[in-house]
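The block underneath contains the structure these notes are about, expressed in structure tokens.
These numbers come from a predicted model, not from an experiment. Note on naming: letters A, B, ... go to the chains in the order of the sequence lines (proteins, then strands), and numbering restarts at 1 for each one.
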Protein chains: 2
Amino acid sequence: MARKTGSHSEITGPKVRDAALSLFARHGFAAVSMRQIAGEVGVQAGALYLYTKDKQSLLFDLMKTHMDELLAAWDAVAPMGDHLAQLEAFTRFHIRFHLDRPDAVFIAYMELRNLTPDNFAVIEALRRRYEDKLEGILRDGAQAGAFTLPDTKLATLAVIAMLTGVNTWYREGGRLSADRVEEIYWNMVRGAVGAGPIPS
Amino acid sequence: MARKTGSHSEITGPKVRDAALSLFARHGFAAVSMRQIAGEVGVQAGALYLYTKDKQSLLFDLMKTHMDELLAAWDAVAPMGDHLAQLEAFTRFHIRFHLDRPDAVFIAYMELRNLTPDNFAVIEALRRRYEDKLEGILRDGAQAGAFTLPDTKLATLAVIAMLTGVNTWYREGGRLSADRVEEIYWNMVRGAVGAGPIPS
DNA sequence: TGAATAACTGAACAAGCGTTCAGATCAAAG
DNA sequence: CTTTGATCTGAACGCTTGTTCAGTTATTCA
């Protein structure tokens with residue numbers, strides 16, 4: 001069964017989702033046709049509309065699911081320890097989570113402008129909520145003297161930009177393992193927030 | 001005169017360039033039609049082909065010009081001082097140059113996948129050459145003991161990602177001046193590369 | 001086996017795409 | 001005033017787009 005009769009609001013068929021994710025990431029939303037997606041699934045274009053209301057909903061579903069998973073995954077992991085440990089946990093979590101889903105991350109960052117205004121507002125709010133997780137850690141840590149930050153908001157955006165950047169170059173089986181990348185970036189993040197030298 | 005008879009290789013008409021730059025940045029290359037660009041210029045679609053060979057060349061020209069200007073601007077500014085001064089100069093230059101041309105930067109980062117393989121190779125090589133400027137500074141500085149870097153290549157990519165990220169949130173007339181942003185980011189970069197505490 | 005419903009096809013729709021080109025229009029030069 | 005060449009129009013080209021839908025096939029359940 002593709003859907004409950006008369007409703008498209010539930011989860012889009014996994015094969016359709018996977019095909020759209022991969023194609024949107026590779027060629028961009030606007031450059032991919034419904035017929036290409038259908039071809040990847042092994043079906044005619046018309047059949048896609050049993051799984052999704054339209055092309056826009058397909059994009060929105062992908063981005064919404066990604067952001068929901070991101071927030072849920074962090075909430076499931078967010079530690080209670082000292083400020084430095086929290087920041088380290090966030091750093092490692094962000095790198096790992098993003099490296100595990102390069103296509104979804106790519107789409108979530110590059111296709112924002114192809115969302116309708118309503119859909120954009122939803123995704124933007126989720127992105128903001130995620131940023132706030134890090135900003136909270138940095139604010140509390142700065143207040144407690146664990147970090148030295150001239151501007152908490154800018155530090156938040158700078159750290160996220162730096163960490164997300166890993167996705168642009170990391171390739172599985174490359175020179176460095178994901179563990180080693182985490183390690184190296186954690187050291188750079190620690191320095192950027194003025195958290196003192198590396199403990200021996 | 002739009003062009004020398006029989007050749008499209010020279011500089012694309014400025015009005016066409018500007019219209020394409022703005023539209024590509026706002027909606028994406030694939031989502032913008034030649035008719036939209038023509039409408040912005042105040043001309044019929046056919047007239048665009050007096051200024052550009054085809055849509056792909058229009059995109060390539062924009063990206064190529066941007067990268068050429070980026071490299072030329074750095075070469076015109078690159079200082080000779082100590083390693084820390086060089087890194088500071090690069091940091092400030094990168095932020096300033098990118099904040100001055102947000103549309104071109106956006107296109108150069110987002111539309112790489114819409115280039116033909118040949119055109120992509122050209123742009124990619126220029127991007128690599130720019131990265132090498134920073135990597136040289138970091139390598140020399142690390143060797144001289146001015147920086148503490150576990151991995152020079154990763155530090156290069158991390159710093160560039162962090163700095164380019166400014167473009168995603170900076171708006172003229174906002175909370176912070178470009179000068180102040182440079183200042184704050186320079187402190188974070190200094191910390192990330194292990195260049196010691198802020199001098200009083 | 002037969003009935004019901006899910007899953008899908010294949011053709012059609014109007015609209016828009018990049019690109020070409022014969023001809024109109026315009027500006028400058030002789 | 002005529003000629004020349006740049007500049008641009010407007011229509012046309014073949015093709016692709018997202019989306020719909022009547023009709024066919026496959027699967028499930030009694």
Shortest non-hydrogen contact from A:His83 toward A:Ile137: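 Of all heavy-atom pairs spanning A:His83 and A:Ile137, the closest is O-CG2, 4.2 Å.
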
For the pair made of [atom1] in [X] and [atom2] in [N], what is the distance, rounded to whole Å?
X	N	atom1	atom2	result
B:Leu48	C:dG18	CG	P	10 Å
B:Gln44	C:dC21	CD	C1'	14 Å
B:Tyr51	C:dT19	OH	C1'	17 Å
B:Ile37	C:dG16	CD1	P	17 Å
B:Lys53	C:dT19	NZ	P	8 Å
B:Leu50	C:dC21	CG	C1'	11 Å

For nucleotides 14-18 of chain D, list the nitrogen or oxygen atoms of the protein found under 3.5 Å from its nitrogen or oxygen atoms, one pair per line.
{"from": "D:dT17", "atom 1": "OP1", "to": "A:Ser33", "atom 2": "OG", "distance (Å)": "3.4"}
{"from": "D:dG18", "atom 1": "OP1", "to": "A:Val32", "atom 2": "O", "distance (Å)": "3.3"}
{"from": "D:dG18", "atom 1": "OP1", "to": "A:Lys55", "atom 2": "NZ", "distance (Å)": "3.0"}
{"from": "D:dG18", "atom 1": "OP2", "to": "A:Met34", "atom 2": "N", "distance (Å)": "2.8"}
{"from": "D:dG18", "atom 1": "N7", "to": "A:Arg35", "atom 2": "NH1", "distance (Å)": "2.9"}
{"from": "D:dG18", "atom 1": "O6", "to": "A:Arg35", "atom 2": "NH2", "distance (Å)": "3.0"}

Are B:Glu183 and B:Arg92 close enough for a salt bridge, meaning some N to O gap below 4.0 Å?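 Yes, this pair counts.
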
4.5 Å side-chain heavy-atom contact, [X] and [Y]:
X	Y	result
A:Leu58	A:Leu48	no
B:Gln86	B:Phe90	no
B:Trp169	B:Val181	yes

Is it the case that the ring center of A:Tyr130 lies less than 6.0 angstrom away from the ring center of A:Trp74?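 Ring centroids of A:Trp74 and A:Tyr130 are no less than 6.0 Å from each other.
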
